[in-house]
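Since the structure comes first, as structure tokens, the remarks are kept for the end.
Within every chain, numbering begins at 1; the chains are lettered A, B, ... in the order of the sequence lines, protein sequences first and strands thereafter.
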Amino acid sequence: MSSGDEAVRLRNAVVLLGSFPALAEASLVVERGEIVLISGANGAGKTTLLRLCAGLLPLARGEASVLGFNLATQRKEAQLHVGMLGHANGLYLDLTAQENLQFWGSIVGASSREMALSAQRMGLHSRLLNTPVAKMSAGQRRRTALAILVIRRASLWLLDEPHAGLDAAGRDEIDIILREAATAGATIIVASHELERAGALATRRIEVVGGAVVERGVQ
Amino acid sequence: MDHVQFIVGGYVVTFVAVGVYVVRMLRQARKYNSAISDGDKPWR
Amino acid sequence: MKRHSTSTWTVARTIASKDLRIEWRSKVLVNQVLPFAAIVMVLFAFALDNDGILQRVAPGLVWLAVLFTSLIIVQRTFAIESADNALDAIKVAGVPSAGVFIGKSVALVAQLLLFECVLVLLALVLYQVHLSWGGVVLLVTVSVLANIGLAAMGALYGGLGAAAKGRETLLPLLLLPAVAPVLIGATRATESAFGVGGASLGEGWPWVALLAVFGALFGFGGTLAFGVLTEE
Amino acid sequence: MNSIHPFPSPTSTPTGTRASRGLGVVVFLGMVLLTLLGLFFTDEDVVQGSTVRLMYIHVPTAWVAYLAFIVTALTSAMYMWGKQHSLTFDRIAGASAEVGVIFMGLSLVTGSLWGRLTWGTYWQWDPRLTTTAFLFITYVGYLAVRDLGGSHQQRAKRSGVVALLAVLEIPLVHFSVVLWRSLHQKASVLRPNGNVTMDGLMLFTLLFGVGVFTLLFTWMVLHRQRVLALADAIDDGGLEAALQERRNENN
């Protein structure tokens, strides 16, 4: 791949879910440091676009690279620098928030100080930390997942409806975290229905229609 | 010939099974064939 | 700022201890699967309805029960991952798949060992078999080696079933024929350990070699194959 | 007699070529000749009597079944380690396994008919029989894995790995079954293989059967593999239409 300056580069990317082309020749370039808001109707292909960038879906046709790594050949290398928060939180329901954090801390090699800081940031106080995830509310689970996302220290953040299920305080906290991450140099792609909230953050808006990307201009 | 039903049965089962498989296969081939241009048939 | 890839061993250790912690916490194994295994042992007794036969076939029944139970445990170990889609989260993190495979297998070995202890104890009580101290040594060796083979194959084909969503029914079809050597080897070795039909301890040890070869081959093969079978 | 015509008119098959048609004719004539030889022209065996006639199809089907799985393993390996990861190898592997499963089923059926006449039972826990049964189930599983869906390359990768694992599994299954039987089989069953004396024509018929069935296998895999190629091409062609439809959502 030519340029290391691009966080995401898709050229005529086709992704199939079964035999359905969820992405139909989508092209997109995201520069490093951008905060991109993706809008689009249900079924337009927003989630598929994010999952492709996360290396979770194979490319049927076209080209895709993330942070300079070709997704067809260097998926694992790319994934080390990509963090994703999807519809599911990816938590173990029988474990406490603290244990989930520790699991990921050990997987990604984060210090316990880092984990504690991140938990604190997301408003996970000690009583909550020792609650099994199964007994948490949707919003509390989301915060836990976000705390884990923060310790990943990813260069590219992919978020699918991050505000869903959160209260006002939680939503504000997400916005603050995303701004901070962007300031620190991370690139952020957010798929959201909540245009005014996410739109305030974004440096650029795109829309996904029928599996293709349509530019909606810079804010 | 002793046990003629066993022996002939063995031959019949074998040929019927192979025959059914082959007929189904060729019927499938004919069905698919109309949808595919000859360019996608390297054996042509 | 950026993270580096965690070593395979760290990943394996983390995954295994996480799995065991979940099983310890949720008690599903103890409260649901263990009673299942016990009732299977009791049902065998009804079906065969003869003390002499039971004693004779006790080793085979123990290992059949282990095999059936292993299907449930393997399915459970991947259900944990897919409940909130943690499997995706692990994939996105670019974790070495060999580490995931080894971690899952190690946790399975530990769980199977627990079941074997209980099932052997049940056989001692329900089927009136006898066990010498030499038999215990043989039995422990057999169990550990048999579990490595069972767990490796289980993690491999269970992972394949979990990755192809909704096709978990594939697991028994793929797993059971493949682990036939484990069933045969472990049963024969256990016959020696129990002294069934006058079998001596010495007759059991050659089977241990078969189990070791099986475990080594598929432990290694599974480590290589797991990534291909579970990704994209 | 066996008057099921195995090949419909070969001139109209889209997967046929001049060579495969020629092969088809040879196979058909060979089958007719084999049937005549097996049922009428050969004498009854001194020991087995008329049951030996089943051998002329049982041995070839078993041979083809094992050959098929060797082909599947080899072509899977060629797919996995080939530079291009050519789907042709994957399709040959799949076609061969499918044909192999059929022949393995047939060899189990003819074998148990033979066993009923010779041993008095349809089934003996003989090592070869037992291994064959395991092999049968293993490749049914392999075919199920091929059916899991996903892209063609994904299908090829997954099933290739499963085929190579099966290559590891089968010798172990066979070895453990042999060991199991050698320790436990007290009663000796009639083992005819050792004391059958075949005269020239009988031996010729047997070898001829193996040859004809091998050609039949080749013919079937050739066609099946081409049908699979057509099916894959239809999938790919469907993609164009689906992409067009998806683009139209834009407006």
Side-chain angles (χ1 to χ4, degrees), chain A residues 15 50-60 67 69 71-72 74-96 99-100 102-110 114 132-134 141 144-145 148-149 151-156 158 181 184-186, chain C residues 1-32 76-100 103-104 107 163-167 227-228 230-232:
Chain A
V15 173
L50 292 179
R51 286 174 66 83
L52 169 68
C53 294
L56 284 175
L57 291 171
L59 198 60
L67 302 165
F69 297 104
L71 281 181
Q74 300 167 292
R75 189 164 43 90
K76 288 254 170 188
E77 288 90 332
Q79 283 173 328
L80 285 177
H81 312 291
V82 176
M84 169 149 178
L85 183 58
H87 292 284
N89 293 311
L91 301 172
Y92 296 106
L93 305 183
D94 292 307
L95 298 182
T96 64
E99 286 163 335
N100 269 290
Q102 273 162 355
F103 171 77
W104 281 104
S106 163
I107 291 275
V108 304
E114 224 179 321
V133 172
R141 291 181 194 195
T144 312
I148 289 169
L149 185 62
I151 62 166
R152 286 284 318 278
R153 284 205 261 164
S155 309
L156 174 64
L158 306 166
Chain C
M1 163 97 192
K2 278 167 200 162
R3 298 283 187 203
H4 296 285
S5 178
T6 319
S7 84
T8 301
W9 298 115
T10 310
V11 171
R13 195 157 30 80
T14 311
I15 297 234
S17 63
K18 178 265 299 172
D19 274 7
L20 293 176
R21 186 189 291 260
I22 289 178
E23 292 311 339
W24 180 254
R25 184 76 46 83
S26 73
K27 302 277 191 296
V28 167
L29 280 191
V30 176
N31 290 344
Q32 294 171 20
R76 158 109 184 119
T77 198
F78 285 100
I80 294 168
E81 301 292 342
S82 38
D84 194 27
N85 219 347
L87 212 53
D88 269 1
I90 287 177
K91 281 186 205 163
V92 178
V95 174
S97 45
V100 179
K104 283 272 160 203
K165 292 184 174 56
R167 296 298 190 95
V228 181
T230 53
E231 271 159 27
E232 6 180 303

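- For the atom pair CG (C/D19) and CZ (A/F103), the distance works out to 8.0 Å, reported to the nearest 0.5 Å.
- Heavy atoms closer than 4.5 Å to chain C are found nowhere in A/R141, neither backbone nor side chain.
- In this structure, A/I107 CD1 and C/I15 CD1 are separated by 5.0 Å, a value rounded to the nearest 0.5 Å.
- Here the closest heavy-atom approach between residue C/K18 and residue A/L95 is recorded as CG-CD1, 3.9 Å.
- A/Q79 places a side-chain N or O within donor-acceptor distance of the main-chain N or O of C/K91, the cut-off being under 3.5 Å.
- The part of A/E99 that comes within reach of chain C is its side chain, from C-beta onward, which places non-hydrogen atoms under 4.5 angstrom from that chain.
- Interface residue A/L93: only side-chain heavy atoms are found under 4.5 Å from chain C.
- A distance of 8.0 Å separates CD of C/E23 from CG of A/D94, quoted to the nearest 0.5 Å.
- Options C/L87, C/I90, C/T10 differ in how many heavy-atom pairs under 4.5 Å they form with chain A, and the most are formed by C/I90.
- Residues C/N85 and A/A88 share a closest heavy-atom pair of CB-CB, 3.6 Å.
- Of all the listed residues (A/A78, A/G185, A/S106), the one sharing the greatest number of non-hydrogen pairs under 4.5 Å with chain C is A/S106.
- Atom CG of residue A/L56 and atom CG of residue C/D88 lie 4.5 Å apart, to the nearest 0.5 angstrom.
- When each of C/V92, C/I80, C/V11 is scored by its heavy-atom pairs under 4.5 Å with chain A, the top score falls to C/V92.
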